[in-house]
Amino acid sequence: MTRTGDGRIERFRRRVRHSATALRRVLFGDGLGVLVFAVTVLFVASFWRMDLAINDNQTLANGVRALTNGHLRILDPHFGGNNGIAPGTKYHDGARYAREYGLVVPAAIISVLLHSLAHVLSLSVLLVGAWCLLGVVAIDELTDGRRYEDELRLGARLGMGVLFVGNVLLAAPIDPVTIPVVSLQLWTLLCTGFVATLAYRLFELELPRRVAAAVGVGVVVATPVGFWATVPKRHVVVALAVLVAAYAFARQPSVRGARGRLLRTVPYATAGLLAWVHPGDGAIFFVAVCVVDVVFGTAYDRAQVTLASGVFVLSLLPFFVTNLLVSGNPVRPPQFLPQYDGQPLGRAVPDETTGETGGGGSGTGTPSETFVPGVLARIVVEAAVAALTTAGGFLRRAVRYAEGTFYVFVDSPQRVFQTFVRSGYVERAAVRGASFSYNLAYLESMPLLGPAVLGTIHAVRHAEPLRRVANGGSLVFRDADASTRVLALAGVYFSLMVLFYQERLPLHSTLTVRFLVPTMPLAVYAALRLPALRNVLLERFRTVGMAYAVTVLVGGELFAGVLVLLSPTVGEAVQLHALVALAMAGTLSAWCIVVSLDGRWLSTRNAGRVGAVLLGTTAGTTTVFLLLAGWMHFPYGEYAIPIFDALSELLRS
Amino acid sequence: MTLRGLSIPLFAVFVVVVAVAFGPAVPGVALSSPQSYEPASGSVAVSVSTMPEGLTLERNGFGSGTYELQSSTVETNVSSVSGNPLVVYDVQIPGLEYNKETYRILSPDVTGNLTIRATSDTIQPNQVTEESYAATVTVLVRSDAGSRVVATRNVTVEVDG
C-alpha cells in the first residue's frame with residue numbers, strides 16, 4: 001500500500017458520507033422529505049404515552065417480550081390477565097403465541113437494542129433527546145437558505161437545548177418491563193413518519209415541492225392516521241404499505257429498464273410483508289395491487305411474470321417461516337389458531353431449558369426417525385393437505401365477511417350511514433363492547449372525505465378510457481398515467497376494505513373507524529383530483545396555511561376552553577368534535593360543488609379566498625381533535641415527552 | 001466546518017452525554033422518580049360536613065346518547081394523617097347495578113377541608129326505565145385499620161331527559 005493513513009481515512013470518510021447520502025435518498029428522497037418526517041414525528045410524539053391503550057396490544061407486548069428473551073412461545077407473560085390471557089393470544093400444541101409477527105419481530109429487534117442501551121444510559125433521557133434532536137433537524141431544514149439563517153438556527157438550537165434540559169428535569173425512569181411496549185410504539189411511530197414522507201414523495205411528483213411537503217405532513221396530522229401512531233396496532237403499518245404501492249405505481253410510467261421492472265415488483269413485495277403482519281389485510285392489499293397492476297400497467301411479458309412471482313414468494317418467506325415455527329404449517333398463520341383462554345400449557349417445561357438459546361420450540365413435530373422417501377412423501381402430502389384446508393378456511397371466512405357486508409347494505413343501510421357519515425350513540429355497538437359513544441364516523445374523523453368523494457367523481461368522469469367509450473371507441477386501460485393508477489388503487493382498495501370490514505362496523509371501539517384508516521392517505525389524494533381545491537391549494541398556499549395555523553392555535557384553545565367549561569364525558573367531548581367536523585365537511589363540500597358548477601365564481605378573488613380558508617380550517621379541525629384526544633380525552637400512562645404531561649394535567653384539571 | 005455541518009452531531013453528542021450521565025453507569029445522578037405511595041396505609045381522622053341531598057341522572061349531549069350522574073360532591077375535614085390512607089366517596093344505585101367509588105390518596109401534609117367530586121360512570125340508555133331510583137351515598141376511609149364508614153345517607157336519583 002502506497003497510500004498514507006490520512007488518505008485512507010479520507011477515503012473512508014468519503015465512502016461513509018456517500019452511503020449516508022444514498023441511504024437518505026432512498027428513505028427520504030431529499031431534504032424536504034427529512035423535514036416532513038421530523039415534523040410528523042415531533043407532532044405525534046407529543047401525545048405518546050408509554051403504556052397500552054387497547055387490551056389486544058397486550059398480546060403483542062407479550063410476544064415482543066418473549067422474542068427479546070429468545071423464545072417464540074410466550075413463556076413468561078407480563079401483560080394481560082391471569083396466565084397472560086388477552087384478546088388475540090393464540091394457543092397451539094400446549095403453548096401460547098402472539099399474532100401479527102410482522103409487527104412483533106421489528107419491535108423485538110428495537111427491544112433488544114433498547115435493553116442493551118439501558119445498561120449504559122437512561123432511556124427516557126435518550127427518547128426526550130431524540131425528540132429534541134428531531135426539532136433541531138427540522139429547524140435546520142426549515143431555515144435553509146433563509147435570511148438570518150445562522151441567527152435563527154442558533155436561537156432555535158438554544159431553545160431546543162433548554163427544552164431538553166427542562167424535560168430531563170421532569171422525566172421519570174422507564175421501567176424495564178415496559179420496554180416491549182415502548183419498542184412497539186417506536187416502530188409504529190417510525191412507520192407514521194414514513195407515511196408522511198412517502199405521501200410527500202407521491203405528491204411531489206405532481207405538485208410544487210413545498211406544497212407537497214405540507215400535504216405529506218397533512219396526511220398524518222389532518223387525518224386519523226396520527227391518532228394511531230403510538231397505539232401499536234397494525235393500521236399505520238398497513239397505511240404505509242398502501243403508500244409504498246401508490247408511490248411505486250405513480251413512478252412506474254417514468255422508470256424504464258431493469259429498474260422499472262424491479263419497481264413494478266415493489267407492490268407485490270409489500271403485499272408479502274403485509275401478510276406477515278395481518279393475512280387478511282395482506283390478502284386485500286394483494287388483490288388490489290394485482291388488479292391495478294394487471295389492468296392499468298403495461299402488458300406483462302414472461303420475464304416480468306417470473307420476476308414478480310419470484311419477488312412475491314421471497315417476500316412471503318418471513319410469513320411462511322413464522323407460521324412453520326408456530327403452527328407447523330407454513331400457510332397457517334397464528335391468526336387462524338384457537339384463542340388462548342387458559343388451556344393447559346404442556347410441553348413448555350422441557351422446552352424452557354432450550355428456549356433460551358433455541359429461538360423457540362417449533363410445533364412441527366420434526367421426526368427424529370430417519371428420512372426415507374416414503375416418510376418424506378407423507379410429510380409433503382400432509383403439508384399440502386393442511387395448506388389446502390387453511391386456504392379453504394381463509395376463503396370461507398372471506399366469503400362470510402363479504403356476505404355479511406352485502407346484507408348490511410341491503411337490510412340495514414343505517415349502519416353504513418353510521419360508519420361513514422354520523423356516528424353518535426349506536427345501541428348495537430354499545431352492546432358489543434365499549435359503552436361510551438367515543439367513536440367517530442369516517443367523515444367525522446376525516447372531514448376531507450367530502451372533497452375526496454367529489455374528487456373521485458370528477459376523476460372518473462374525465463377518465464381517458466371512459467371518455468373513449470363514450471366516443472364509441474374501445475375500453476382500454478393499459479399504460480395508464482400515474483394519477484389514474486394511484487386513483488385506481490385508491491378505488492379498488494377502498495371498495496375491498498369496505499367489502500370485508502363493513503360487516504363489523506360501526507363499533508365504538510374503533511374510535512376513528514380504525515379498520516379503514518389505511519384508506520385515508522389515498523382519500524387525500526382523491527380530494528386533490530378536484531381542480532378547484534387543487535388550484536386553491538396551489539395559488540393560495542399561504543392563506544391555507546394561515547387558516548390552518550389559526551384553527552389549530554386559536555380554535556384549538558377555544559375548543560379546549562369550551563370543554564373545560566362544559567366538563568363533558570369522553571363520549572360528549574368526542575361527539576362535539578364530530579359535530580364541528582361535520583359542519584366543516586358540509587361547508588367545504590358545498591363550496592367545492594358550487595365552484596365546480598359555476599366556474600366564473602371561482603375566478604373572482606373572494607371565492608378562492610373562501611375556499612382556502614375552508615380548506616385550512618377543515619384540515620385544522622382534525623388536528624385539533626388529534627391533539628385534544630391525545631392530551632385531554634383519553635388519559636392513560638406516562639407521556640414520553642414529560643412537558644406534555646404537565647400540559648395534559650393543566651387541560652384536565 | 002460551518003455551524004450547520006457541526007450542529008446536529010454536536011447536539012446528538014450532548015444528548016448521549018446527558019443520557020449516560022443519568023444512566024446506571026454513573027451512580028449518584030438520577031432522574032426524579034415519581035413519589036411512591038402505599039395506598040390505604042396509615043391512619044386519618046375524618047369528619048363529613050356536607051353530603052348531597054339528592055342526585056340527578058342526565059342524558060349526555062351531542063348525540064352521545066348515554067346517561068351519567070350529574071356530578072355531586074361531599075365535603076370532609078381531614079386531620080392527623082399518617083401514611084397514605086384513602087378517603088372514598090361511594091355512590092350506589094342498586095336498581096341500575098351502579099357502584100362508583102371516587103377516592104383521594106392522602107399524604108401527611110394534607111390537612112383541613114377536602115372536597116371530593118364524584119366522577120360518573122356511563123349508564124346505557126336501555127337500562128334507564130324508571131323515573132327515579134333509590135341510591136346510597138357513603139364516605140369511607142381505608143387505612144391500616146381496614147375499611148371504615150364515616151357517614152352514609154339514602155338519597156333519590158331523579159332521571160332528567
Side-chain angles (χ1 to χ4, degrees), chain A residues 117-133 135-137 139-140 143-144 149-150 153-154 156-157 160-161 164-165 168-174 422-427 430-431 434-438 566-579 638 642, chain B residues 1-36 57-73 96-98 100 117-128 161:
Chain A
L117 280 176
H119 289 299
V120 284
L121 45 75
S122 155
L123 288 183
S124 41
V125 174
L126 189 71
L127 288 181
V128 165
W131 189 75
C132 293
L133 187 66
V136 173
V137 170
I139 289 159
D140 266 22
T143 53
D144 198 17
E149 182 181 325
D150 281 352
R153 280 185 185 166
L154 193 66
R157 226 157 277 149
M160 276 299 168
F164 174 54
V165 172
V168 168
L169 293 179
L170 292 170
I174 293 177
R422 173 75 183 120
S423 56
Y425 181 77
V426 182
E427 186 165 342
V431 172
S435 56
F436 298 100
S437 356
Y438 51 33
L566 291 177
S567 61
T569 57
V570 192
E572 282 179 306
V574 171
Q575 291 306 324
L576 187 59
H577 278 287
L579 294 179
E638 298 268 332
Chain B
M1 204 179 248
T2 60
L3 184 62
R4 150 149 224 198
L6 208 63
S7 77
I8 291 172
L10 256 185
F11 199 95
V13 168
F14 174 56
V15 166
V16 171
V17 167
V18 177
V20 170
F22 281 99
V26 183
V29 190
L31 294 171
S32 51
S33 292
Q35 220 177 334
S36 65
L57 193 61
E58 271 189 327
R59 184 130 195 168
N60 287 148
F62 311 119
S64 56
T66 47
Y67 283 85
E68 70 163 350
L69 281 179
Q70 206 175 54
S71 87
S72 60
T73 55
L96 290 171
E97 291 176 3
Y98 181 96
K100 175 77 176 175
R117 179 177 291 275
T119 54
S120 175
D121 274 347
T122 308
I123 298 159
Q124 295 301 312
N126 54 8
Q127 277 185 292
V128 182

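The sequence lines fix the lettering, A, B, ..., with proteins before strands; numbering per chain opens at 1.
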For the residue pair B:Gln124 / A:Tyr425, report whether a side-chain donor-acceptor contact shorter than 3.5 Å exists.
yes
Contacting moiety of A:Leu579, where chain B heavy atoms sit under 4.5 Å:
side chain
Gap separating the CG atom of A:Leu133 from the CZ atom of A:Arg157, nearest 0.5 angstrom
10.5 Å
Portion of A:Ala573 that has a non-hydrogen atom of chain B nearer than 4.5 angstrom
neither
Region of A:Ser124 that comes under 4.5 Å of a non-hydrogen atom in chain B
side chain
Have A:Thr143 and A:Arg153 got a donor and an acceptor in their side chains that come within less than 3.5 Å?
yes
Please name all residues satisfying ring-ring contact (aromatic ring centres under 6.0 Å, His included) with B:Phe22, sequence neighbours left out, ordered by chain then number.
none
Classify the ring geometry of B:Phe14 against A:Phe164: parallel below 30°, tilted from 30° to 60°, perpendicular beyond 60°.
perpendicular
With chain A as the partner, which of B:Ser71, B:Gly63, B:Ala19 has the greatest number of non-hydrogen pairs under 4.5 Å?
B:Ala19
By a 4.5 Å heavy-atom criterion (distance strictly below it), what part of A:Leu566 contacts chain B: side chain, backbone, both, or neither?
side chain
Which region of A:Val168, side chain (C-beta onward) or backbone (N, CA, C, O), has a non-hydrogen atom less than 4.5 Å from a non-hydrogen atom of chain B, or is it both or neither?
both
